[in-house]
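Notes for the one structure printed next.
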Amino acid sequence: MGKKRSGGGLTGSQQAAKFLGVSVLSGVVLAGMAIPATGALGLAAKGTVEGFDEIPANLKTPPLSQRTTILDAEGGTIATVYSRDRQVVPLTAISPYIQKAIVAIEDSRFYEHGAVDLKGILRAVNRNAQEGGAAQGASTLTQQYVKNVFVEEAGDDETKVREAQEKSLGRKIRELKYSIQVEEELGKKKILENYLNITYFGQQAYGIESAAQRYFSKPAKDLTLEESALLAGVVQSPSRYDPVNDAQEATKRRNIVLQRMADTKDVSQAEADAAKAKPVTLKVTKPKNGCITAVKGAGFFCDYVRNSFLTDTAFGKTREDRAKVWNQGGLTVRTTLDPQSQDAANESIKDHVYQEDSIATAVTMVQPGTGRVLAMGQSKPYGFGKNETQINYSVDKRMGGSNFGFQVGSTFKPFIAAAAIERGMPPTKVYQAPNKIDYPTPISKCDGTQWLNLPIDGKIQTAKNETEDEIGPYALRTAMEKSINTYFVEMIGEIGLCPVTEMTQKLGVIPADGSKLPEAPSIALGSAELSPLTMANAYATFANRGVFCTPVAIESITDAHGKALAVPKSKCDRAMATETADTINTLLRGVVDSGTGERAGLSDRDSAGKTGTTDSRYNAWFVGYTPNVSGAVWVGSGGAKKITMENIVIGGKPFEKVFGGGLPGPIWKDAVSGALSGRESGNFITVGIPEPTVPSGGPRGNKPPTTQPRPGKPGGDGKPGGRPGGQTGGQTGGQTGGHTGGNGGGATGATGDVQPQPPFPGISVDPNTAGVIGGRDDQ
């Protein structure tokens, strides 16, 4: 029995001798020496190490985690994100100096020995025995590579990382077996290449390419002798020899590497001495990771892309599976972000709302008919500093947005009108719409129950119009233009809550916190808390003539090997009849022509939209669209403290009161104008909505009784006329034909004797153009 120390265990030299007494395990020839597989090591002993033969024969090498690049729709880089900052490069793209330096300092006999270096083991045994500890290891470069594979496979699991790095006989045995396999399968050059790509060099840099970029801002192929020696020295202890934080220690270590290179004849002594004489000169590129690196103010869009990936089962069954793929990286993600639209949104935001303002704004644009998210920006940038935030005001909570979203005010009214028209209500409908009204009761709900206007604190619930002089009766067109609250309360009282609920579901209108839209008549005034993306995409359905398309931000993805991944496409379904959408388009065009959204109207192309302002002016909105872009603008307080937007300075301008048409409207106009500048403009297919004869109303109530449509603005270059003014075509039973604008104007109306029976009283649709809008086929 070997001599034991007083503590009962074998000495370091005795343990090493015992180890060397078994250099063949289970018949595998190791280092050219053959000895029995069984022996004093006790490999099968329970609680020590698994039997050599029981170790799996094949080392499963996980793909190396790399950076992911996120691109815009034109291929420009938006941001780079990574779990580990690594760029895998071939040996031909790595400086020969760093190849020689790593071999010289880590395993100078790398090209001479097999998987295990017997001489190295004997040297380490002797040195450790002399010093009574573990002063020197004996791992070959191949063994170190295998260990790094285990560390890489462990990922962010701290327990697995510790197991992969533990100083145990069991781990050593596993490394030995896998090292034999690796040597046989890969060969020396490939092992060196893999080692240089997997190794950690400190400062969040994994692999030699990222290390070269981090410390010297250059590719690995251009590393000089002294730079290579510095990086090779870092590997042993990235924290101790970190040249950024301790140049003195790093220099000492670099010079040791240089001398070692001279000793192994990789460089001459003169070359080594000359390199030693040079000071450590760094050109550091600070670690940049994540959406904070995004350009064009697209940090929040970048975050939306990441969340889109992590929440879509197309990329993995569970969130854990999807996160593993995302963190593995190496992806190239091409997105739907349109650079021109994003620039336009950013410029408009900067012109109207300052970063340091007490309130914030968010702008989101989508493409009707495709669901493509074109732009996403806000006045509080993505970040951690003052007047910065990581909350994406444009999206729902589950996608990184605020906890609840924002009340949308009167921008909800078009959904009610669409639900009513879809059920057969004529767009000439008149309600008394007094200045103030009690909520109707009872109102039917989807589950067959009824909403009742029960007293709260002794008072029943009421609704009132914005100003005292808004007194009905009103017809729908005027009520929409002037945003008459009591009109839409009466409308929802007549049709019930369920049609509105069903319509909003078809339009993807879901509260930002993921809850169900409340079935209460207060939704007529926009009590629901929604996100700008939800609103922009819902309004895009009107522009797309009734077909709703789910929003998408990812166009394509390729992995590190250039293989394309399956990417979910937008799903499009009809949400309402084409005639209903055309009617809403006509109504909302009136809002920007002469209603509350007049300051948002575009002069060079068809546009439509709706304003919204909530109680106490906590939120103000404008949601509008053209045939090819739909956008939502929200202005309000993004934090926990709600701010009343009265007597306030925003963007350097004083506001006595903020209305949806007063600030969000101009933001929308500038953003959408910039997004569409130089691009083709489409035309809405509008319908004739005559103003019905109604009793005289209050000062701001009805127009003079008439059965004729009101004249519209003359058409301009590429823009059809306003509401049917310069019309052609006959009339039948008070119905009007289509409209004709100026140059490039709208369609010619059908004559009365050939016009088909319209779906609603007072509406006519040109049958020759009903199937096409803005160059898109009807879906």
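Note that the coordinates shown come from a computational prediction; the quantities given were computed from them, not determined experimentally.
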- Message: Quick check: do V295 and T77 have side-chain heavy atoms less than 4.5 Å from each other?
- Response: no
- Query: Could you go step by step and tell me if V305 and F309 meet the side-chain contact (heavy atoms from CB on, under 4.5 Å) rule?
  - Reply: CA-CA 6 Å; V305 169; F309 188 97; 5.8 Å; no
Run the side-chain donor-acceptor check on residues 93-105: report pairs under 3.5 Å with partners two or more places apart or on a different chain.
unit_1 : atom_1 : unit_2 : atom_2 : d
S95    : OG     : Y97    : N      : 3.2
S95    : OG     : L223   : O      : 3.0
Q99    : NE2    : L91    : O      : 3.4
Q99    : NE2    : I94    : O      : 2.9

- Query: Does the R254 side chain pair with the main chain of K276, one donor and one acceptor, at a distance under 3.5 Å?
  - Reply: yes
- Straight-line distance of D72 CG to L374 CG, nearest 0.5 Å: 11.5 Å
- Message: Can you confirm whether V395 sits close enough to M376 that some side-chain heavy atom of one is under 4.5 Å from a side-chain heavy atom of the other?
- Response: yes
- Message: To check you understand the geometry: which heavy-atom pair defines the closest contact between V81 and C291, and what is its length?
- Response: CG1-N, 4.1 Å
- Task: May I ask you to test the S402-I391 pair for a side-chain heavy-atom distance under 4.5 Å?
- Result: yes
- Note: E152 and R84 closest approach over all heavy atoms is OE1-NH1, 2.7 Å
- Of all the heavy-atom pairs spanning T68 and G329, show the shortest one and how long it is. OG1-CA, 3.2 Å
- Query: CG of L331 to OG of S556: how many Å apart, nearest 0.5 Å?
  - Reply: 11.0 Å
- Give a yes or no on whether the backbone of T550 and the side-chain of S570 come within a donor-acceptor separation of less than 3.5 Å. yes
- Message: So, applying side chain to side chain contact (heavy atoms under 4.5 Å, CB included) with Y215, which one of D242, V280, T285 is it?
- Response: D242
- Task: List for me each residue that meets salt bridge (charged side-chain N to carboxylate O under 4.0 Å, His left out) alongside K190, sequence neighbours excluded, and say none if there are none.
- Result: E193
- Task: Please list all pairs passing the salt bridge (Lys or Arg N to Asp or Glu O under 4.0 Å) test where one or both residues lie in residues 201-217, with sequence neighbours left out.
- Result: D85-R214
- Message: With rounding to the nearest 0.5 angstrom, report the CG to OG1 distance, L71 to T335.
- Response: 7.5 Å
- Message: Among residues at least two apart in sequence or on other chains, which ones pass side chain to side chain donor-acceptor pair (under 3.5 Å) with Y195?
- Response: Q144
- Query: side-chain contact (heavy atoms from CB on, under 4.5 Å) with V88: which residues, sequence neighbours excluded?
  - Reply: L64, Q66, R86, N197
- Note on the structure: side-chain contact (heavy atoms from CB on, under 4.5 Å) filter on D343, not counting sequence neighbours, yields K296
- Donor-acceptor contact below 3.5 Å, side chain R334 vs main chain A73: yes
- With a 4.5 Å limit on heavy-atom distance, are the side chains of Y382 and E388 in contact? no
- Message: Filter on salt bridge (Lys or Arg N to Asp or Glu O under 4.0 Å), then keep only pairs touching residues 216-235, sequence neighbours left out; what's left?
- Response: K218-E227, E226-K278
- Task: Would you list the pairs meeting salt bridge (Lys or Arg N to Asp or Glu O under 4.0 Å) in which at least one residue belongs to residues 301-312, sequence neighbours left out?
- Result: D303-R306
- Message: Please tell me whether T140 and D107 have a donor and an acceptor in their side chains that are separated by less than 3.5 angstrom.
- Response: no
- Item | Interatomic distance, I191 atom CD1 to T142 atom OG1 [nearest 0.5 angstrom] | 4.0 Å
- Query: Got a donor-acceptor contact below 3.5 angstrom from the N392 side chain to the F300 backbone?
  - Reply: yes
- Cationic tip of K188 above F110 ring, under 6.0 Å, 45° of axis: yes
- Spacing of CG belonging to D273 relative to CG belonging to N255, to within rounding of 0.5 Å: 9.5 Å
- Task: Can you sort out the partners of E555 under side chain to side chain donor-acceptor pair (under 3.5 Å), two or more places apart, ordered by chain and number?
- Result: R372
- Is a side-chain N or O of R253 found less than 3.5 angstrom from the main chain of G233, in a donor-acceptor match? yes
- Out of curiosity, F301 CZ to S308 OG, how far, rounded to the nearest 0.5 Å? 8.0 Å
- Is it the case that T251 and Q248 place a side-chain donor and acceptor less than 3.5 Å from each other? no
- Do you see a donor-acceptor pair shorter than 3.5 Å between the side chains of D263 and Q259? yes
- Message: Main chain of A79, side chain of T293: is a donor-acceptor contact present, judged purely on distance under 3.5 Å?
- Response: no
- Message: Any non-hydrogen side-chain atom of F315 less than 4.5 Å from a side-chain atom of I557?
- Response: yes
- Query: Looking only at heavy atoms, which two atoms of S394 and G377 are closest? And how far apart?
  - Reply: OG-O, 4.4 Å
- Query: Between Q378 and T389, is any pair of side-chain heavy atoms under 4.5 Å apart?
  - Reply: yes
- Message: So V235 and F201, do their side chains get closer than 4.5 Å, heavy atoms only?
- Response: yes
- Non-hydrogen atoms of A323 and L310 that approach each other most closely: CA-CD2, 3.7 Å
- Set of residues satisfying side chain to side chain donor-acceptor pair (under 3.5 Å) with respect to K569, sequence neighbours excluded: none
- Query: How close do A262 and A272 get, heavy atom to heavy atom, and via which atoms?
  - Reply: CB-CB, 3.9 Å
- Query: Between E184 (side chain) and Q181 (backbone), is there a donor-acceptor pair under 3.5 Å?
  - Reply: no
- Task: Name all pairs fulfilling the salt bridge (Lys or Arg N to Asp or Glu O under 4.0 Å) condition that reach into residues 314-326, sequence neighbours left out, sorted by first residue then second.
- Result: none
- Would you check if the distance from the ring center of Y178 to the ring center of F150 is below 6.0 Å? yes
- Task: Under the side chain to side chain donor-acceptor pair (under 3.5 Å) rule, collect the residues that match up with D266, sequence neighbours excluded.
- Result: T264
- Message: Is any side-chain heavy atom of Y82 closer than 4.5 Å to one of S210?
- Response: no
